[in-house]
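Report on the structure given below.
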Protein chains: 2
Amino acid sequence: MMELRHLRYFVAVARHLSFTAAAESLGVAQPPLSQQIRDLEAEVGTALFERTTRRVALTRAGIDFHAQALAILEKSGEAMARARAIGAGAAGIVNVGLTGSMLAGPLGRAIRDFDIAYPDVDLRIHEMSPDRQIAMLKAGQTDISFLRSPPPDADLVSVRAWRETVTLVLPTGHSLASTAVIDLADLSQERFVFLRLSDSLFAKYLWACCVEAGFIPNITHEVVEAASLTSLVAAGLGIAIIPEFVARLAHADVVYRPVAGKTISADVHALWVRERAGPLIGNFLALIRAEA
Amino acid sequence: MMELRHLRYFVAVARHLSFTAAAESLGVAQPPLSQQIRDLEAEVGTALFERTTRRVALTRAGIDFHAQALAILEKSGEAMARARAIGAGAAGIVNVGLTGSMLAGPLGRAIRDFDIAYPDVDLRIHEMSPDRQIAMLKAGQTDISFLRSPPPDADLVSVRAWRETVTLVLPTGHSLASTAVIDLADLSQERFVFLRLSDSLFAKYLWACCVEAGFIPNITHEVVEAASLTSLVAAGLGIAIIPEFVARLAHADVVYRPVAGKTISADVHALWVRERAGPLIGNFLALIRAEA
DNA sequence: TCCAATTGATATCTTTTGAGTATGGGTGGG
DNA sequence: CCCACCCATACTCAAAAGATATCAATTGGA
């Protein structure tokens, strides 16, 4: 059975056109080299060298085989190097699931840093709704996803990637639009747009903050995507409290105001399937933490 | 050192996702298989399988390596098959040198037959002057050449490929143009165009035929290419005796007449460098002889 | 023309390593 | 909780690769 050794030996003899010289370059004695070439020729079924005791030359079959052998040896080395790089987390593909409003924060900078630090890694961004992100993760179509306060799930690992502060969003004509310092308790009579309470831990947390401030928020609409909140506010359907980085996506017709008093924070979590966690996920998270 | 065996074993395990099943399909026991995979992983430097005692799965590095390994194994088999085919004379490249006037005869049909019989052989035709053909042969740029009566050469093997009869070429207005039977002796007072006597054995042979017929030909021009003779006759510079197949290339302004009496024949020889003679040359010549 | 030097092939012995057998350990199913 | 299945480990054996010594053939030079 042909082995790469045969090819290595063959290439050496073809390069030197001398068994003695090739053997020396390979660090073996000449007779075993002759033996291996002989075995190779028997396996291939035709002579690859024309040899007199004085000159060694490639046959036509040998010339063709030499080109093939070089390619095979190179490909073998490449395959090992690639596998090694992937194993070490320096190469491969990472499919990242996220919502569009996520890129304005540390994640956007981390992606840029990652491209520079790991040029052999193909980082693919998939912008999706939060529930679709969960589905894609479980289907194995994405490797990691970033969500604001996702529901707990037994199959998924969830760690906090970074924490954002929040900001109040008001329509431009709102009575508080020109007020500099607004406390949460000042909003007790307002109508609110919220993230959907059933799957957003952040929404539940906000609710609790309102209750603590002494009122139950009057929620007129619940949406799934954080960036949609701003649009609803602009449409005059209520006011909202949104993560700071979402506010980076500027919108006419609204104004942003900090919320005074107790600090309200929005956590972004990274999620992945435990069994599919490759070394790249760790590398990526490390970069995000460096940016946050 | 990685060998093809490692790849074969790896691919088998990847296919079955089971060491036991893979070992059975390979015809080896399971422990050596485990050992070889272990060695491979050590060589590559990263795990290729994730194995519990219950399930075997490819790692990310393993998935990539599997694709590479399949490609390498396929390429290895191909390389062997190709070399074997070339060695057996069923594949490769044959560079054929010839003059344009040669293709009208058995050679043209043999080339067609050869393309059908040996589809993996690339037959390349190089149309050249006779002396250039000799130079190309010696330089190793062509493998075989076809010449009418070439000069003997110690470096070259020369065998008769086929024999053609000859025909007399006259300008249309010639006094013998309407004569049915013409004997060589009738031409003693004519002006002739000949192939160059210094390198054409055929020309020397024709000269000898004329002498035998009782006259010394009055040669007005000597050329190198047989097809040129017809053009010179058409131009009224003399008459010529040319190989039969050259007459296939019809020309206005000339008429062809057989030469009565002793049969005059033109031999076409195949030439090649003895050391560079591959099996394809023999195959090609066999087809030509079948057509002749 | 002949001798010496060089090179590849052959024979034999040694060493390496791949393969087989026996067995242990861990996990999932009944 | 135990059994069965599967991969890993330990040990032995055989096959094959490698080393050494030697032969045969060819070429270059005297």
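Chain identifiers are assigned alphabetically (A, B, ...) following the order of the sequence lines, protein sequences preceding nucleic acid strands; residue numbering begins at 1 within each chain.
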Notebook entry, point to check: Do side-chain atoms of B:D143 reach the backbone of B:I281 as a donor and acceptor pair under 3.5 angstrom?
Noted result: no
Notebook entry, point to check: A:R8 and B:E3: salt bridge (Lys or Arg N to Asp or Glu O under 4.0 Å), yes or no, with the steps?
Noted result: CA-CA 10 Å; A:R8 285 187 277 263; B:E3 296 295 343; 2.7 Å; yes
Check: Aromatic rings A:F10 and A:F49: how do their planes relate, parallel, tilted or perpendicular, breaks at 30° and 60°?
Finding: tilted
Item checked: With B:Y118 via ring pair (Phe, Tyr, Trp, His ring centres under 6.0 Å) - residues at least two apart -> B:F114
Note to self: Check B:R196 with B:E225, please: is the shortest side-chain N to carboxylate O separation under 4.0 Å?
What the structure shows: no
Note to self: Please tell me if B:S34 has a side-chain N or O lying less than 4.0 Å from either OP1 or OP2 of D:dC7.
What the structure shows: no
Item checked: Interatomic distance where CD belongs to B:E43 and P belongs to C:dG18 [whole Å] -> 11 Å
Check: What does the inter-axis angle of the helix from C:dT1-D:dA30 to C:dG30-D:dC1 come out as, five pairs per end, nearest 10 degrees?
Finding: 30°
Next item on the list: Report the distance from atom CD of B:E24 to atom C1' of D:dC6, rounded to the nearest whole Å.
Entry: 14 Å
Check: Quick one: what's the B/S/- string for nucleotides 14-26 of chain D, heavy-atom cutoff under 4.0 Å, read 5' to 3'?
Finding: ---SBBBB---BS
Next item on the list: Round to a whole Å and report the spacing from CG of B:L26 to P of C:dG18.
Entry: 15 Å
Check: B:R84 and A:E41: salt bridge (Lys or Arg N to Asp or Glu O under 4.0 Å), yes or no, with the steps?
Finding: CA-CA 9 Å; B:R84 190 172 305 141; A:E41 289 177 321; over 6 Å; no
Check: Around atom CZ of A:R160, are there more than 12 heavy atoms of other residues, nucleotides or ligands at under 6.0 Å?
Finding: yes
Notebook entry, point to check: Do you know the tightest heavy-atom contact between A:A71 and B:K75?
Noted result: CB-CE, 3.6 Å
Checklist line | Rounded distance in Å - CZ (B:R55) to P (C:dG29) | finding: 9 Å
Item checked: B:R82 and B:D120 ion-paired at < 4.0 Å -> no
Item checked: Phosphate-side-chain proximity, A:T20 and C:dT6, N/O vs OP1/OP2 below 4.0 Å -> no
Margin query: Whole angstroms only, please: what is the CG-P distance between A:L17 and C:dG8?
Written below: 10 Å
Check: Atom CZ of A:R38 to atom C1' of C:dT10: distance rounded to whole Å?
Finding: 9 Å
Next item on the list: Would you mind reading off the distance between A:R51 atom CZ and C:dG8 atom P, rounded to a whole angstrom?
Entry: 10 Å
